[in-house]
Amino acid sequence: MPGRYYQTTPIYYVNDAPHLGTAYATVCADALSRWHRLIGDETWFVTGTDEHGLKILRAAESNGVSAREWVDRTSSRFVEAWKALGLSNDDFIRTTEERHFRSVQTFMQAIYDNGHLYKGTYEGWYCVSCEAYYNEEDLLDHNRCPVHEKPVEWFTEENWFFALSKFGERLSEWYGAHPGAIFPETRRNEALGIIRSGLKDISITRTSISWGIPVPWDPEHVFYVWYDALVNYISAIGFGSDHDRFEKWWPAVHHLLGKDIIRFHCVWWPAMCMAAGIDPPAHLLVHGFLLVGGRKMGKTAFNQVDPVELGEDVGNDALRYYLVRDFAIGHDGEFTYEGLIERYNSDLANNLGNLLARVATVVGSKAAGIGPPPQRRPDGSASRLAETAAAVVGEVREAWGRFAPHEGLEATWRLIRAANAELEAVAPWKLDPGPEADAVLGDALEVLRIVAVLVSPVLPDTAEEIWSRLGLGGSGSPAAPGNAGPEGILDWGGYPGGVPVTKGRPLFPRRSVE
RNA sequence: GGCGGCGUAGCUCAGUUGGUAAGAGCACACGGCUCAUAAUCGUGGGGUCGCGGGUUCGAGUCCCGCCGCCGCUACCA
């Protein structure tokens with residue numbers, strides 16, 4: 001039964017260009033979204049940029065431009081990067097947009113009206129780069145920030161505080177009633193641990209800067225950047241301005257987020273939603289990090305890789321395949337160029353690409369270039385491949401359903417291998433043209449048809465290409481919504497036969513590790 | 001300090017509530033095939049499951065200790 005699926009990524013902070021770590025999260029979200037479209041869910045996929053805060057103001061200053069100019073420029077780099085990688089986001093939300101201002105103000109006003117905000121003062125050592133206060137004992141010598149190792153500054157501010165401490169109980173209850181809300185389970189335990197250990201009220205406004213969203217009832221203040229940023233998830237779906245649209249997508253959301261921001265997403269944000277009188281987000285998917293040499297890849301490290309360049313190098317599909325196949329959502333993984341090329345060669349070139357090539361060639365020589373349909377053996381038996389395909393399709397569905405697309409891909413490749421093995425066993429290139437050769441070729445073509453649909457969330461361009469080479473160009477797209485749904489086309493026997501099969505250039509030319 | 005995680009074949013990792021000889025992919029070796037992108041198919045070698053104790057008829061799987069690595073630590077995207 002088709003449902004609704006709203007997918008988000010964290011919105012990225014615009015003090016630098018996108019790197020592979022941000023691309024990883026966005027690619028995962030893209031793949032999940034594409035899968036849900038494929039099974040017929042009504043799907044909405046949003047990413048965007050986070051553009052407020054002192055750090056951005058200073059970045060703009062040091063680059064000699066206005067804050068507005070700076071965020072426009074930097075945000076567009078994200079827009080362009082996702083476009084270059086061929087991602088399928090339906091919307092791109094920026095926190096400097098009017099629609100976001102309105103939603104934040106409506107949302108925060110509701111929390112205020114519900115009595116969960118109060119005025120207090122906050123002072124302490126403040127790291128501008130972190131936009132965070134630190135306890136003195138956490139500082140390095142000479143009062144330096146432990147993250148950036150730069151000197152902190154003593155700030156005193158009158159702030160509005162959110163009474164987070166009042167929500168521990170309700171959060172615990174909610175998570176108790178929704179055991180599947182956080183994936184994977186270890187992250188759920190971590191979030192519960194945070195809640196159990198006691199929550200402190202948090203200051204959510206700043207008066208020291210004006211680059212932010214004004215507090216409606218106290219315009220000297222702007223909202224603290226996190227409090228503004230999290231709201232993007234609902235401002236993107238019309239909170240405060242389009243009630244029907246908001247109701248349609250909320251709370252059927254799947255927030256994808258990094259394990260470093262669990263506190264904000266799994267504690268603050270649900271509490272904020274409760275305080276404002278809306279449901280907490282239904283699903284929080286916590287991903288791991290891409291590591292380089294055992295260290296997190298990130299903008300503060302030197303180990304950045306430009307995802308767009310990498311996509312141009314190996315192809316967007318191959319890059320996405322590597323990211324989704326080699327890294328289980330929820331786990332860290334070691335990123336290497338060699339690993340990427342290894343995956344490319346063994347899975348994409350040798351197994352998938354080569355299967356299509358060899359089948360196309362033999363269809364050309366033994367079936368006059370016209371693809372035969374899958375059919376029964378002369379002895380009346382159905383192909384072993386039919387059985388394998390059915391099992392694999394089920395496994396793929398199940399794997400995506402529990403946020404393990406890497407397992408779905410692994411299963412898909414079992415089917416591809418089985419098709420290669422079946423070809424070896426029958427060796428149609430040795431047979432005279434006829435029913436026996438046609439049968440195995442039809443089976444192989446049918447496998448390729450099914451595979452095209454199954455891989456389309458990760459290899460969308462490749463899926464289309466396979467589709468057209470199988471002669472199916474006239475019959476829609478392998479990625480058409482619902483193709484993997486209950487009324488979909490994944491049952492064995494869908495390849496019609498009688499259509500021209502074209503060989504074409506290698507789908508994935510082998511590459512050497514340089 | 002506190003909380004949590006990790007350490008399984010050369011590499012990347014699977015291993016449900018402890019029990020049919022410790023697995024997969026890649027890499028490697030041998031053999032087959034030659035339709036295919038020197039691709040593919042089959043077979044095989046290889047692991048004291050970080051270390052040391054303990055519980056048990058039986059532990060990679062539970063308990064204790066140790067070693068190594070890594071996160072989070074309450075206003076960093």
Side-chain angles (χ1 to χ4, degrees), chain A residues 10-16 21-22 49-50 53 55-56 122 124 126-135 137-138 145-148 159 161-162 164-165 186-187 189-190 193-204 206 224-227 229 257-264 267-268 288-289 291 294-296 298-300 325-328 331-334 336 338-339 342-343 345-366 406-407 410 413-414 417 419-425 427-431 441 503 505-511:
Chain A
I11 51 173
Y12 305 111
Y13 208 53
V14 291
N15 59 350
D16 205 353
T22 51
T49 44
D50 181 9
K55 197 165 17 172
I56 281 166
Y122 199 98
Y126 189 84
C127 172
V128 171
S129 293
C130 296
E131 293 189 32
Y133 284 98
Y134 282 94
N135 297 323
E137 62 268 25
D138 294 331
C145 158
V147 175
H148 296 83
N159 293 152
F161 281 74
F162 172 55
L164 181 66
S165 58
T186 58
R187 299 307 173 194
N189 293 337
E190 207 170 311
I194 292 172
I195 294 166
R196 218 181 5 253
S197 68
L199 302 175
K200 218 161 78 174
D201 294 347
I202 43 188
S203 100
I204 61 162
R206 298 286 182 269
Y224 170 58
V225 62
W226 261 110
Y227 252 61
L257 55 126
K259 63 183 185 178
D260 54 334
I261 49 179
I262 287 177
R263 175 181 302 276
F264 310 109
V267 181
W268 290 15
F289 293 141
L291 307 177
R295 300 184 58 90
K296 179 190 174 189
K299 26 186 177 231
T300 46
R325 171 62 184 84
D326 257 32
F327 305 91
H331 296 270
D332 289 354
E334 191 69 31
T336 63
E338 291 70 23
E342 206 172 279
R343 265 302 163 205
N345 280 337
S346 67
D347 289 9
L348 299 178
N350 296 353
N351 282 303
L352 176 56
N354 186 55
L355 175 63
L356 177 64
R358 68 197 303 207
V359 169
T361 299
V362 183
V363 167
S365 61
K366 302 292 180 180
H406 70 294
E407 289 185 42
E410 197 178 0
W413 257 256
R414 273 216 319 281
R417 282 197 187 83
N420 273 320
E422 188 65 16
L423 286 170
E424 292 291 332
W429 46 87
K430 286 182 179 171
L431 302 171
L441 292 172
K503 177 159 184 199
R505 312 288 308 162
L507 240 35
F508 299 97
R510 276 183 62 84
R511 299 180 60 106

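All values derive from a computational prediction rather than experimental measurement. Scope of the values below: all heavy atoms of this structure, side chains included, with no hydrogens, waters or symmetry mates. Proteins get letters first, then strands, A, B, ... in listed order; numbering begins at 1 in each.
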Could you tell me how far apart [X] ([atom1]) and [N] ([atom2]) are, to the nearest whole angstrom?
| X | N | atom1 | atom2 | value |
| --- | --- | --- | --- | --- |
| R417(A) | C41(B) | CZ | C1' | 12 Å |
| R358(A) | U37(B) | CZ | P | 11 Å |
| L423(A) | U40(B) | CG | P | 13 Å |
| E410(A) | C13(B) | CD | P | 13 Å |
| I262(A) | C76(B) | CD1 | C1' | 15 Å |
| F289(A) | C69(B) | CZ | C1' | 16 Å |
| H406(A) | U12(B) | NE2 | P | 16 Å |
| F162(A) | A74(B) | CZ | P | 19 Å |

| message | I want to confirm an ordering. Mapping P10(A) and F508(A) to their closest nucleotides on RNA chain B, which one lands closer to the 5' end? | response |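 Closer to the 5' end of RNA chain B: F508(A).
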| note | Of K259(A) and D332(A), the one whose nearest nucleotide on RNA chain B sits closer to the 5' end is D332(A)
Nearest-Å distance once atom [atom1] is located in both [N] and [M]:
| N | M | atom1 | result |
| --- | --- | --- | --- |
| G15(B) | A9(B) | C1' | 14 Å |
| G18(B) | C57(B) | P | 15 Å |
| U43(B) | A24(B) | P | 11 Å |
| U16(B) | G31(B) | C1' | 38 Å |
| U12(B) | G50(B) | P | 15 Å |
| C67(B) | C41(B) | C1' | 45 Å |
| C3(B) | C64(B) | P | 12 Å |
| G10(B) | C28(B) | P | 15 Å |

| said: Is it the case that the side chain of D332(A) and the backbone of G288(A) share a donor-acceptor pair, with hydrogens and angles ignored and the cut-off at 3.5 Å? | reply: no
| Taking the side chain from D347(A) and the backbone from L352(A), do they hold a donor-acceptor pair closer than 3.5 Å? | no
| said: Return the CD1 to CH2 distance between I261(A) and W268(A), rounded to the nearest 0.5 Å. | reply: 11.5 Å
Partner nucleotide, any strand, of [N] [Watson-Crick/G-U, under 3.5 Å]:
| N | result |
| --- | --- |
| C76(B) | none |
| C57(B) | G19(B) |
| G71(B) | C3(B) |
| A24(B) | U12(B) |
| A29(B) | U43(B) |
| A38(B) | none |

Taking all heavy atoms of [X] and all of [Y], pick out the closest pair and write down the distance.
| X | Y | result |
| --- | --- | --- |
| G339(A) | T336(A) | N-OG1, 2.8 Å |
| D50(A) | I56(A) | O-CD1, 3.7 Å |
| R325(A) | E410(A) | NH2-CG, 3.6 Å |

Side-chain N or O of [X] closer than 4.0 Å to phosphate OP1/OP2 of [N]:
| X | N | result |
| --- | --- | --- |
| H331(A) | A14(B) | yes |
| R510(A) | A39(B) | yes |
| N350(A) | U40(B) | yes |

Minimum-distance nucleotide to [X] side chain [options: [options]]:
| X | options | value |
| --- | --- | --- |
| K55(A) | U37(B), C76(B), G42(B) | C76(B) |
| T361(A) | C35(B), C41(B), U37(B) | C35(B) |
| K503(A) | C33(B), A36(B), G42(B) | A36(B) |

Just checking [X]: base, sugar-phosphate only, or nothing, at a heavy-atom cut-off of under 4.0 Å?
| X | value |
| --- | --- |
| K430(A) | sugar-phosphate |
| A421(A) | sugar-phosphate |
| G258(A) | nothing |

| task | Measure distances between side-chain N and O atoms of N354(A) and base N and O atoms of A36(B), and say whether any donor-acceptor pair falls under 3.5 Å. | result |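 Under the 3.5 Å cut-off, the side chain and the base do form a donor-acceptor pair.
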| said: Distance criterion of 3.5 Å, no angle test: do you see the side chain of E424(A) paired donor-to-acceptor with the base of G42(B)? | reply: no
Taking C-beta and beyond as the side chain, do [X] and [Y] meet within less than 4.5 Å on heavy atoms?
| X | Y | result |
| --- | --- | --- |
| K366(A) | L431(A) | no |
| I195(A) | V267(A) | yes |
| T361(A) | W429(A) | no |
| R511(A) | N345(A) | yes |

Output a table of nitrogen or oxygen pairs between the protein and nucleotides 1-4 of chain B separated by less than 3.5 Å.
none

